[in-house]
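Numbers restart at 1 for each chain; the letters A, B, ... are given by sequence-line order, proteins then strands.
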Amino acid sequence: MQYNPTAIEQKWQQYWEENGTYKVSNESDKPKFYVLDMFPYPSGAGLHVGHPLGYIASDIYARYKRLTGFNVLHPMGFDAFGLPAEQYALDTGIAPGVSTEKNAARYREQLDKLGFSFDWSRQVKTCDASYYKWTQWIFTELFNHYYDQSIDKALSIAHLAAQFEDSGNTKVQAATTYEGTFTAAEWNAMSKKEQQDILMEYRLAYRSVGYVNWCEELATVLANDQVKDGVSERGGYPVVQKAMWQWNLRITAYADRLLYDLETIDWSSALKAMQSNWIGRSTGAQMFFDVTDSEEKIEIYTTRPDTIFGATYMVLAPEHPLVEQLTTPKQEAEIGEYLDYVAARSEIDRMADKQVTGAFTGSYAINPFTKKRIPIWIAEYVLIGYGTGAIMAVPSDDERDQRFAEKFGLEIIDVVDKSDYPSATLSDKVGKIINSGFITGMEVPDAIAAVNAKVEEMGIGTAKVNYKMRDAGFSRQRYWGEPFPIIYDADGNAESIPVENLPVELPATDDYKPSKDGQSPLSRLKSWVNLPDGYTRETDTMPAVAGSSWYYLRYMDANNDEAFVGKDAVNYWQDVDLYIGGTEHAVAHLLYARFWHKFLYDNGLVPTKEPFKKLINQGMIQGVIETIYYQKSTGKYISADLANQYEDLVSMPVHIDFVSDYGAEHSHLSAEGIAKYKEWRSEYKDSEFVLAEGSNKFYTKSEMGKMSKRKFNVINPDDVAAEYGADVFRMYEMFLGPIEAHKPWNTLGISGVSKFMRRFWDLFFQKDAFTISEDAPSKEELKVLHATIKRVTEDIQRFSFNTCVSAFMECSNDLRKLKCNKRAVLEPLTILLAPFAPYTTEELWHLLGHEGSVHDATYPTFDEQYLKEDSIEYPISINGKKRATASFSADTSKEDLEKAALANPVIQKWTEGKTVRKVIVVPKRMINIVVG
RNA sequence: GAAAGAAUAGCUCAGUUGGCAGAGCAUUUGACUCAGGAUCAAAGUGUCGUAGGUUCGAUUCCUACUUCUUUAUCCA
């Protein structure tokens, strides 16, 4: 019987569906195992061959765990809120909910074809009200909690308010942006508004003024990457930093735990390094510098208090609140000009640009240790969001300060002698302090401690830990996201909506444009915004990261109406054992999810401190972009082999469906391909193609790149699966290379996998009839079987799926040579292959006479005894070079091996007339004779 | 300039206590075919990136260099 994947796939897809083969119960005696994929955003383009790479790997692992006796949770859903759907709505008027629904259905259909073992009864879609009800609820919990640093845990705001009432805020150790102090009496005398404003600064979800990239012309807020050189990427209109009230999450409260708990999870060191760099913990000192002729003090943060005697000037961020006050009349024009320049630059520009710029305010500060007058400058290299937005500049020991001082002619005093550390760079905290009063002669670490102590003694500052990570904005002035579960009273006090009134459903509209003043489209829906009791609704929506921060918990109990996840469910499933996804989410998603998880842990809502025990980043699958040359002046198309004979050529991407030998060196358009191209767009109908003389091939240029709709090079997995079968597709994607590597999609190799699949299938057939022998297998056959079980099992355990495929190929080649069709060999192999090729193996399993699914079978185990060799072929070397081979029984002793080797006639020729100095015998490996 | 990873057949990749370098594709030849494709049967191919070191012995361990990939780029 011929291998016919299409028929098999339809049959078993239906069977699995009808039998609920992949339905998972929350009640089981088996140990649990949770395999998670990063859920996709359902875009209009459909899945391309890159998406399933991670899904196939996780599916293989999930199926393997299932066969080895685990109750495996392997769910899938959709990250369905996001900008593309909103942009699509703006362009077409089609509601985001409608297009998203359609796209998700398409994804689901595509995924099903590839034979994944997802339990679809647990599907989540972040844009479903039944899901975002709980996203909103978690937000209200964040809103109603603050972070208590004395016990390192989130506690309720009510508890905080009670403390304020009782004893003011001086005894409270909490993560907050509030800097003042008050007594109980002062607190109790405050108005509700004043109290609420203070509490807001303690909440884990809080509202504050933040800066956004505002484009007046487009009347919209832009993301950082939509701004280039101070103008919008689309249209090139000016973009300015605009202050707006924004919701934020106080992730910084969890910075230490997010950093230190990295040690407890099994993630790649690269990924951990990325998160740890992002958190950017540093220890240093915070201190105040006096300003001459002013009551103001400038607060700075430094990790190098030991260099304070070298601080010869100060720099404030241009946005620093003291800038206006410190600018002297004489310097006003210069500072004003500089501020205009800075306002036009995006944060990205400021970070990418290496130019040294700045302006002098005209004011001076006093260095508290040298007592010298030092000038105060502003410069964009100091960022308002980091530390205090102001620095003491030490040009002798900081590269940026040095460049700045050199450019503007400021004083430089050497304070650290690094001559004892020749390989140290400026940023290494080593050396001996010089020119520095009481700390002169100390080593750097001692000097840091000494200055910190002195600073505290003088009452001008304290030692402090600082983080690079900031509380990122959680507001979007967009339509297609979760509405905030927040309402405001007449005084503007924010209140969260209680769970019984959730969800706050996203209201329907047909106008998705932001409103003129930068508010979200929701602000136009007056009847929705204004509530009868005088309250108004928050009109911002949450960013996409909201829904993805906890979706892995919802899968555990996807249809629960009473809670975000049921207690029993979360106590059974605990956490994610294996998470597979792209590296592009290394920071944002994974850090937010960890943060939310820890918050939920603090509230006793999840039993574990970390959500994802093990994480693997899958690489990207790249495509080949095929382009053809076009001569602008004549309008002719030029074959790539003639390109150097023409001038004024531009290259245009061409649809890969027209290209023959796609991706190969000699990729080209045949006569048929050219005809297709002409039919493609009416304006190409009369195009002229120039080919080399005598050739009928119009060559194209191939280069590696992302698969994208705009490059016409997207390969649809459905098409590949239709041609070769889903199982071949799955195995081929794994065969491309290691899971973490980036690799090009290249169809040339797929025939090899397809050939393997057919040959494996043919092992079970003779002359079109299913024929299986019940005879006992030979030693040789058992060795092939057990070697394969060993290799495949070990390789799956270390996520090396590409080598598993090779192992299967070798095994099938070996069995073919042995003409093996014995049940005792083929049946375990069928189970072994089942995670990789679920359809084909299911068919063979039933042909082998089984009733249930192969995916409920028991995984074979290998037995070392079949791998043992009776005799071993030893290489015999003279001085490390192989000169002979000889076969000995496996249990020959070292001494006998040595004797036999020396007696070998070939070896005797080599040793003749020379002294044997040493004989090295490595049992079961080799024999080496050293002569001289 | 930094950090991590990689470099093995024409291509994609395997190769662990250091001990005979190997799979798939591609290529070539033959069989089957009117022919092509598919299928089957064979075959060839390596300074294991470069240079040192350790060792009886290095693709493997160490050092330096070269090239590439990824990540991060003013963090005071």
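- Spacing between atom CE of A:M274 and atom P of B:U73 amounts to 11 Å, rounded to whole angstrom units.
- Spacing between B:U17 and B:C32 at atom P, rounded to whole Å, works out to 48 Å.
- Comparing the C1' positions of B:G18 and B:C56 gives an interatomic distance of 12 Å, to the nearest angstrom.
- When side chains are defined from C-beta on, A:I929 does not count as touching A:R917, because their heavy atoms never get closer than 4.5 Å.
- With sequence neighbours left out, the ring-ring contact (aromatic ring centres under 6.0 Å, His included) criterion links A:F888 to A:Y874.
- For A:K894, the side chain to side chain contact (heavy atoms under 4.5 Å, CB included) partners at least two apart in sequence or on another chain are A:V921, A:P923.
- Residue A:G582 comes nearest to A:Q618 through the heavy atom pair N-OE1, 3.5 Å, listed as atom of the first residue, atom of the second, then distance.
- Residues A:F836 and A:I796 form a side-chain contact, since some pair of their non-hydrogen atoms from C-beta on lies under 4.5 Å apart.
- Checked against side-chain hydrogen bond (donor to acceptor under 3.5 Å, both in side chains), A:T177 has the following partners two or more places apart in sequence or in another chain: A:E201.
- Taking atom CG of residue A:N277 and atom C1' of nucleotide B:A2, one finds them 10 Å apart after rounding to whole Å.
- Checking A:Y3 against A:D762 by side-chain atom types alone, no donor-acceptor pair falls below 3.5 Å.
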Dump every N/O contact between nucleotides 17-20 of chain B and the protein below 3.5 Å, one line per pair.
| unit_1 | atom_1 | unit_2 | atom_2 | d |
| --- | --- | --- | --- | --- |
| B:C20 | O2 | A:K882 | NZ | 2.8 |
| B:C20 | N4 | A:E873 | O | 2.9 |

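- Between the CG atom of A:L736 and the C1' atom of B:A23 there is a distance of 15 Å, rounded to whole Å.
- Residue A:F735 is in sugar-phosphate contact alone, with no base atom involved, counting any heavy-atom pair closer than 4.0 Å across all strands shown.
- Ring planes of A:F756 and A:F808: tilted class, angle from 30 to 60°.
- Counting only Watson-Crick and G-U wobble pairs whose two key distances fall under 3.5 Å, RNA chain B forms stems of three or more stacked pairs at B:2-7 with B:66-71, B:10-13 with B:22-25, B:27-31 with B:39-43, B:49-53 with B:61-65.
- Here A:Y338 pairs with A:Y341 under the ring-ring contact (aromatic ring centres under 6.0 Å, His included) rule; sequence neighbours left out.
- The aromatic ring centroids of A:Y724 and A:Y732 lie 6.0 Å or more from each other.
- Here A:F369 pairs with A:F309 under the ring-ring contact (aromatic ring centres under 6.0 Å, His included) rule; sequence neighbours left out.
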Identify each atom pair where a protein N or O and an N or O of nucleotides 6-9 of chain B are less than 3.5 Å apart, giving names and distance.
none

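- Contact annotation for A:I927: no contact, since no heavy-atom pair falls under 4.0 Å across all strands.
- The pair A:R791-A:E810 meets the salt-bridge criterion, since a charged nitrogen lies less than 4.0 angstrom from a carboxylate oxygen.
- Residue-level contact check: A:N466 touches neither bases nor backbone, having no heavy atom under 4.0 Å from any strand.
- Only the P atoms considered, B:A4 is 14 Å distant from B:C62, to the nearest whole Å.
- In this structure A:W278 satisfies the side chain to side chain contact (heavy atoms under 4.5 Å, CB included) test together with A:M469, A:V587, A:L591, sequence neighbours excluded.
- Per the geometry, CZ belonging to A:F801 stands 22 Å off P belonging to B:G24, to the nearest Å.
- For A:R403, no side-chain nitrogen or oxygen approaches OP1 or OP2 of B:C74 to under 4.0 Å.
- For A:S282, taking side-chain heavy atoms from C-beta onward, the closest of the listed nucleotides B:G24, B:G15, B:A76 is B:A76.
- Atom P of B:A26 sits at a distance of 12 Å from the matching atom of B:G37, rounded to the whole Å.
- Applying the ring-ring contact (aromatic ring centres under 6.0 Å, His included) criterion to A:F735, with sequence neighbours excluded, gives no partner residue.
- Residue A:R758 places at least one side-chain N or O closer than 4.0 Å to OP1 or OP2 of B:U39.
- With sequence neighbours left out, the side-chain hydrogen bond (donor to acceptor under 3.5 Å, both in side chains) criterion links A:K407 to no other residue.
- A straight line from CZ of A:F760 to P of B:U39 spans 18 Å, rounded to a whole angstrom.
- B:A14 and B:U59 have their C1' atoms separated by 13 Å, given to the nearest Å.
- Distance noted for atom C1' between B:G49 and B:G5: 16 Å (whole Å).
- Comparing B:G30 with B:G44, their C1' atoms are spaced 15 Å from each other, to the whole Å.
- In this entry the distance linking CG of A:D401 with C1' of B:A76 reads 7 Å, nearest Å.
- One atom, CD of A:E733, and another, P of B:C13, lie 14 Å apart when rounded to the nearest Å.
- Remark on RNA chain B: of its neighbouring residues A:N802 and A:T303, the 5'-side contact belongs to A:N802, judged by nearest-heavy-atom nucleotide.
- Residue whose closest nucleotide on RNA chain B sits further toward the 5' end, between A:G389 and A:K918: A:K918.
- An OP1 or OP2 oxygen of B:U71 is reached within less than 4.0 angstrom by no side-chain nitrogen or oxygen of A:N617.
- Relative ring orientation between A:W377 and A:F408 is described as tilted, the plane-to-plane angle lying within the 30° to 60° band.
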Listed pairs, N/O of protein and of nucleotides 40-47 of chain B, under 3.5 Å:
| unit_1 | atom_1 | unit_2 | atom_2 | d |
| --- | --- | --- | --- | --- |
| B:C40 | OP1 | A:R759 | NE | 3.0 |
| B:C40 | OP1 | A:R816 | NH1 | 3.3 |
| B:C40 | OP2 | A:R759 | NH2 | 3.1 |
| B:A41 | OP2 | A:R816 | NH2 | 3.4 |

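- Spacing of P atoms, B:G1 relative to B:U67, comes out at 11 Å, to the nearest Å.
- Computed from coordinates, the A:D398 CG to B:A76 P distance equals 9 Å when rounded to whole Å.
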